[in-house]
Amino acid sequence: MALNINGTTGISGVDGSVSAPAVTGTDSNTGITFPSADTIKFSTGGVERMAISNSGVSGITGGITMLDQWTLSSNYNVNGGESNLTANNWSRTSHALFGSIGSAMTVSSGVFTFPTTGIYVIIAAFTGKPQSSASTYVGMKIQGTSDSFSSSDVFMASNYDSCSSSSEYAHVSAVAVFDCTNTSTHKIRFRTEVQNAFQWSGGQGRGPTFIRVGDT
């Protein structure tokens with residue numbers, strides 16, 4: 001369709017589509033399209049990012065594009081001292097009201113891999129109790145790396161509680177902000193530090209939540 005220039009109505013042409021916008025620069029799948037009456041859509045990379053119609057603005061995808069939650073699927077026993085939660089008894093939250101956004105995290109031997117680069121908020125909550133005696137300290141740390149834990153590790157956040165008896169539960173939570181610039185190398189894991197033998201409880205809500213809040 002030819003481009004029409006009219007002294008009364010202005011410039012008009014094809015309506016275009018999200019994958020092939022009507023108005024573009026040198027990038028053919030990024031631009032503006034006019035899919036229907038009273039509607040304008042903006043796309044990048046052939047994906048709709050925002051729509052404007054006579055009903056208002058919708059479809060903005062520049063905010064939170066990923067949200068995921070994981071939990072210990074069964075109880076996890078550790079001895080006194082520090083150790084990484086390396087067992088593969090992690091699972092995604094699965095209760096009937098669970099909802100997620102975007103692609104899921106993946107985990108192998110306790111090391112979590114991010115689906116895309118970006119700035120992430122990690123919120124972790126755990127509970128458990130001593131296996132035989134009181135513990136003056138019970139802690140959990142969020143540990144990050146920029147080389148898949150081959151040589152580097154950074155303790156980004158931690159929290160501690162105590163148990164005055166073997167029947168008392170401890171509750172710890174920690175929050176960290178992580179800049180994942182490379183999904184192949186930038187990963188996180190959880191490291192526990194306890195005084196005596198301890199059992200971290202499995203079940204829904206006992207583990208980390210991952211939220212991607214923006215680009216790196």
Side-chain angles (χ1 to χ4, degrees), residues 1-71 90-107 111-125 142 144-146 154 156-157 173-188 204-216:
M1 179 178 177
L3 183 66
N4 298 318
I5 303 176
N6 186 294
T8 301
T9 60
I11 302 173
S12 63
V14 297
D15 292 333
S17 65
V18 169
S19 59
V23 180
T24 69
T26 57
D27 187 350
S28 63
N29 62 3
T30 298
I32 306 171
T33 187
F34 308 90
S36 59
D38 304 321
T39 301
I40 302 172
K41 290 188 176 182
F42 298 82
S43 62
T44 61
V47 178
E48 181 182 329
R49 306 299 181 181
M50 182 177 70
I52 303 174
S53 69
N54 54 1
S55 299
V57 179
S58 63
I60 298 176
T61 60
I64 293 175
T65 56
M66 179 273 191
L67 184 149
D68 197 19
Q69 188 176 63
W70 287 69
T71 187
W90 291 101
S91 63
R92 292 187 78 197
T93 297
S94 59
H95 60 72
L97 298 179
F98 172 66
S100 62
I101 299 173
S103 300
M105 298 288 293
T106 56
V107 61
V111 176
F112 283 85
T113 297
F114 296 86
T116 61
T117 60
I119 305 295
Y120 289 82
V121 175
I122 305 163
I123 305 169
I142 304 175
T145 182
S146 60
V154 176
M156 301 184 297
S173 59
V175 179
V177 176
F178 185 68
D179 184 3
C180 178
T181 60
N182 186 323
T183 58
S184 297
T185 58
H186 288 56
K187 305 173 185 290
I188 70 105
Q204 302 290 349
R206 292 160 178 168
T209 298
F210 302 89
I211 308 171
R212 187 184 185 277
V213 295
D215 295 333
T216 181

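If you're wondering where the values come from, they're calculated on a predicted model, not measured in any experiment.
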key: Aromatic ring pairing Phe178/His186, orientation class (parallel under 30°, perpendicular over 60°, tilted between)   =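 Tilted: the ring planes of Phe178 and His186 meet at 30° to 60°.
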message = Once you measure the plane-to-plane angle for Phe114 and Tyr120, does it fall in the parallel (<30°), tilted (30-60°) or perpendicular (>60°) bin?
response =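 If you compare the ring of Phe114 with that of Tyr120, the planes turn out tilted.
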Under a 4.5 Å cut-off applied to non-hydrogen side-chain atoms, are [X] and [Y] in contact?
X	Y	value
Thr116	Arg212	yes
Ile40	Phe34	yes
Asp68	Phe98	yes
Pro115	Met105	yes
Thr181	Thr117	no

Shortest non-hydrogen contact from [X] to [Y]?
X	Y	value
Gly99	Leu67	O-CD2, 3.9 Å
Val213	Val121	CG1-CG2, 4.0 Å
Ala124	Ile142	CB-CD1, 4.2 Å
Ala51	Lys41	CB-CG, 3.9 Å
Val175	Ala157	O-CB, 3.2 Å
Asn29	Ser19	CB-O, 3.4 Å

Say you draw a straight line from [atom1] of [X] to [atom2] of [Y]; how long is it, rounded to the nearest 0.5 Å?
X	Y	atom1	atom2	result
Ser173	Ile123	OG	CD1	9.5 Å
Gln69	Ser100	CD	OG	10.5 Å
Ile122	Phe210	CD1	CZ	5.5 Å

Would you say [X]'s side chain and [Y]'s backbone share a donor-acceptor pair under 3.5 angstrom?
X	Y	answer
Arg92	Thr106	no
Asn54	Asp38	no
Thr30	Gly45	yes
Ser17	Ala20	yes
Thr71	Arg206	yes

Check against side-chain hydrogen bond (donor to acceptor under 3.5 Å, both in side chains), Asp179 and Thr216 = CA-CA 6 Å; Asp179 184 3; Thr216 181; 2.4 Å; yes
key: Asn182, Thr145, Thr113 screened by side-chain hydrogen bond (donor to acceptor under 3.5 Å, both in side chains) with Lys187, the one that passes   =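 In the set Asn182, Thr145, Thr113, the residue that makes a side-chain hydrogen bond (donor to acceptor under 3.5 Å, both in side chains) with Lys187 is Thr113.
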task = Applying side-chain hydrogen bond (donor to acceptor under 3.5 Å, both in side chains), name anything that partners Ser36, two or more places apart in sequence or on another chain.
result =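 Here the qualifying residues are Thr39.
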